[in-house]
Amino acid sequence: MSSTSLTVSKTKQTSLAPRAAFPRARVCVDCRTLLGPKETCDGGSKHRVVSIETPTGRNALRTEVWGPPSVRRRAKQLAKAGGTSLGAGSIFEGCSGCSDCGTAALEGEFVVIVAVIALIAAAGVAMYWIIAKIVEAIRAYQNRPRPNGGITRPPSLGRRAGPSGVVLGQTGMLAPATGTSCVAWSLDLRNKRFLGTDLMLHDAETSGFEVKLDDGTTLRVPGGRIRIEGPKERVDRSDASPVDEFVQTISHEDDPEDAGLDPFPFDTVDEIVVRPGDRVRVFGELEREADPAAPGGYRASNVILVPKGVPAIRVERQEDRK
C-alpha cells in the first residue's frame, strides 16, 4: 500500500491543491494523530507510533481500538446474539384426531365463536413474534462493541507563545468537512459511544501561507503537516462524505472477522480552518533564513522567519466569513 493522501472528492468540494501536502503513513495509537513517513509523534518518545501501511501496524491499531482478536470475536458474537424464535405454525395445524369433524353439524353461533378465538390467538402469536424481534434488536444494539479512543489527547501547543500576526496569501485548499476555502485545516474524528476518550483520529495540514507579524517580519509556513488550535465547527458524519471516503482509504481490512470494526470509527467531525485575514499566535522555535523570492537590496529585507519542525499556530481571531 502506498502512502495515502487526503483529497476532497465531493462535486462542490474538489481540492484546490493538486495533491495533499503530506502522505499519511503512520498514526500514534496513543493520541491518534496521523503522521507522515518516519515521523515521530508530537507527544514525544512515549507515544507509540505504528504504520498504517502494513498489516502488523493496522492490527496493532485495531487492537487498541477494539481489543485483541479474541475480544473482537466475542464482542461480535454478543452483538449478533438474538432472542428466541417462536414457531407459530403448530397453532394453525389442522385437527386429525376426530374422524367426524367433517360431518359434524355446527351451529352458526359456534362457528363465529371459534373463528373469533382463532383470530385472537393468531393476533397474540403475531404480537409475541413482533415483541421478540424488538427485544432481539435491542439486545444486539446494546451488545455492540464500543471503540476505545486514544488514551491521551494530542499534545497542546504549550504555554510558550511566540509572536502574533495576520495570515496572508491565497486560499489553496478546501477544508474536508465543511468545504471552506482555506490555507490550513485541522480535524478531530469523534465517536459518541466510546471507552476512554471519544477521539478516534486527529489530522491537520496546510498548503502553505505567510504571516505578517506585528513587528513587520514575515513568517513563511511551508506546505505539510501543521498543528492548529482554535474555534471548532462540529459536523455530522452524514454531512462530511469526503472525510468518510478518506477514512475508508486508510481503513484496510486484513482479517474478514474484523468486518465492521473500523480502526477509525466516528460519528462527528470537529474542524478548524485558517483563512487569509485570520489573526494567529505562533508557537515553537523559529529560524531566520534568506528569502530566495525577495529582490536584491538591503540584507535585512531578504530575511524571513520559518518554523523549526512542525509549524504550530493558534487562531485568535477569525475574519468575518459571512
Side-chain angles (χ1 to χ4, degrees), residues 5-10 12-24 34 36 39 42 157 161-188 202-233 242-243 246 270-322:
S5 298
L6 175 56
T7 56
V8 179
S9 59
K10 273 188 176 178
K12 294 184 179 180
Q13 291 185 332
T14 304
S15 177
L16 300 180
R19 59 191 304 174
F22 77 98
R24 278 74 172 171
L34 279 181
E39 270 195 306
D42 305 312
L157 303 184
S164 61
V166 176
V167 175
L168 304 177
Q170 300 294 320
T171 56
M173 61 200 318
L174 296 178
T178 61
T180 304
S181 256
C182 60
V183 296
W185 54 260
S186 170
L187 57 80
D188 292 333
H202 173 74
D203 192 20
E205 78 168 29
T206 175
S207 58
F209 60 94
E210 293 184 348
V211 179
K212 192 68 171 180
L213 301 176
D214 293 340
D215 64 0
T217 307
T218 297
L219 169 70
R220 182 166 296 166
V221 177
R225 192 165 72 87
I226 189 173
R227 301 171 63 194
I228 306 173
E229 293 181 357
K232 299 178 180 180
E233 181 175 353
V243 177
F246 163 66
D270 287 344
E271 185 177 76
I272 305 173
V273 295
V274 182
R275 289 174 49 84
D278 288 351
R279 186 167 185 80
V280 298
R281 174 76 62 176
V282 182
F283 288 76
E285 294 185 53
L286 303 176
E287 296 179 325
R288 292 180 177 272
E289 67 176 36
D291 182 7
Y298 292 103
R299 180 174 298 181
S301 64
N302 294 336
V303 174
I304 60 171
L305 296 177
V306 294
K308 184 179 180 180
V310 179
I313 63 170
R314 177 180 295 153
V315 181
E316 297 187 330
R317 188 177 70 246
Q318 295 179 316
E319 67 160 3
D320 185 4
R321 299 178 182 178
K322 294 183 179 180

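Here, residue 1 is the first one in the sequence, and each next residue gets the next number. This is a predicted model, so every value here is computed, not measured.
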Q: Taking atom CD of Glu287 as the centre, report whether more than 12 heavy atoms of other residues, nucleotides or ligands fall under 6.0 Å from it.
A: yes
Q) Taking C-beta and beyond as the side chain, do Pro307 and Pro222 meet within less than 4.5 Å on heavy atoms? A) yes
(Q) Please check this pair: side chain of Glu229 against backbone of Leu157, looking for a donor-acceptor N/O pair closer than 3.5 Å. (A) yes
Q) Counting distance only, does the side-chain N/O of Arg24 pair as donor-acceptor with the main-chain N or O of Phe22 below 3.5 Å? A) yes
(Q) If you define the side chain from C-beta out and look only at heavy atoms, does anything of Lys232 sit under 4.5 Å from Asp188? (A) yes
Q | Residues that Asp270 engages under salt bridge (Lys or Arg N to Asp or Glu O under 4.0 Å), provided they are two or more places apart | A | Arg190, Arg234
**Q.** Any side-chain heavy-atom pair of Gln170 and Pro276 under 4.5 Å
**A.** no
Q.
Working to the nearest 0.5 angstrom, can you tell me the gap between Glu285 CD and Lys308 NZ?
A. 4.5 Å
Q: Would you confirm whether Thr206, through its side chain, and Gly208, through its main-chain N or O, come within 3.5 Å as a donor-acceptor pair?
A: yes
Q) What are the two closest heavy atoms between Leu168 and Phe209, and how far apart are they? A) O-CB, 3.8 Å
Q | For the student: nearest non-hydrogen atoms of Leu174 and Gly179, plus distance | A | CD2-O, 3.6 Å
Q. Between Arg275 and Ser181, is any side-chain donor less than 3.5 angstrom from a side-chain acceptor?
A. no
Q. Does the pair Glu210 and Ile304 meet the rule for a side chain to side chain contact (heavy atoms under 4.5 Å, CB included), with working shown?
A. CA-CA 10 Å; Glu210 293 184 348; Ile304 60 171; over 6 Å; no
Q. So do Leu187 and Phe246 actually touch side chain to side chain, heavy atoms under 4.5 Å?
A. no
Q.
Within this structure, what is the NE2-CG distance for the pair His202 and Asp42, rounded to the nearest 0.5 Å?
A. 7.5 Å
(Q) Return the OG1 to CG distance between Thr218 and Leu213, rounded to the nearest 0.5 Å. (A) 7.0 Å
**Q.** Contacts of type salt bridge (Lys or Arg N to Asp or Glu O under 4.0 Å), residue Glu289, not counting sequence neighbours
**A.** none
Q: Could you tell me whether the side chain of Leu286 reaches within less than 4.5 Å of the side chain of Pro163, counting heavy atoms only?
A: yes
Q | Ile228 side, atom CD1; Glu205 side, atom CD - distance, nearest 0.5 Å | A | 9.5 Å
Q) Hey, are the side chains of Ser186 and Ile226 touching, using non-hydrogen atoms and a 4.5 Å cut-off? A) no
**Q.** Arg281 CZ to Arg314 CZ distance, which is reported to the nearest 0.5 Å
**A.** 9.0 Å
Q: May I ask you to test the Arg279-Asp214 pair for a side-chain heavy-atom distance under 4.5 Å?
A: yes
Q | Reported CH2-to-CG distance for the pair Trp185 and Asp203, which is rounded to 0.5 angstrom | A | 4.0 Å
(Q) Ignoring hydrogens, what is the shortest heavy-atom contact between Pro311 and Arg225? Give both atom names and the distance. (A) CD-O, 3.4 Å
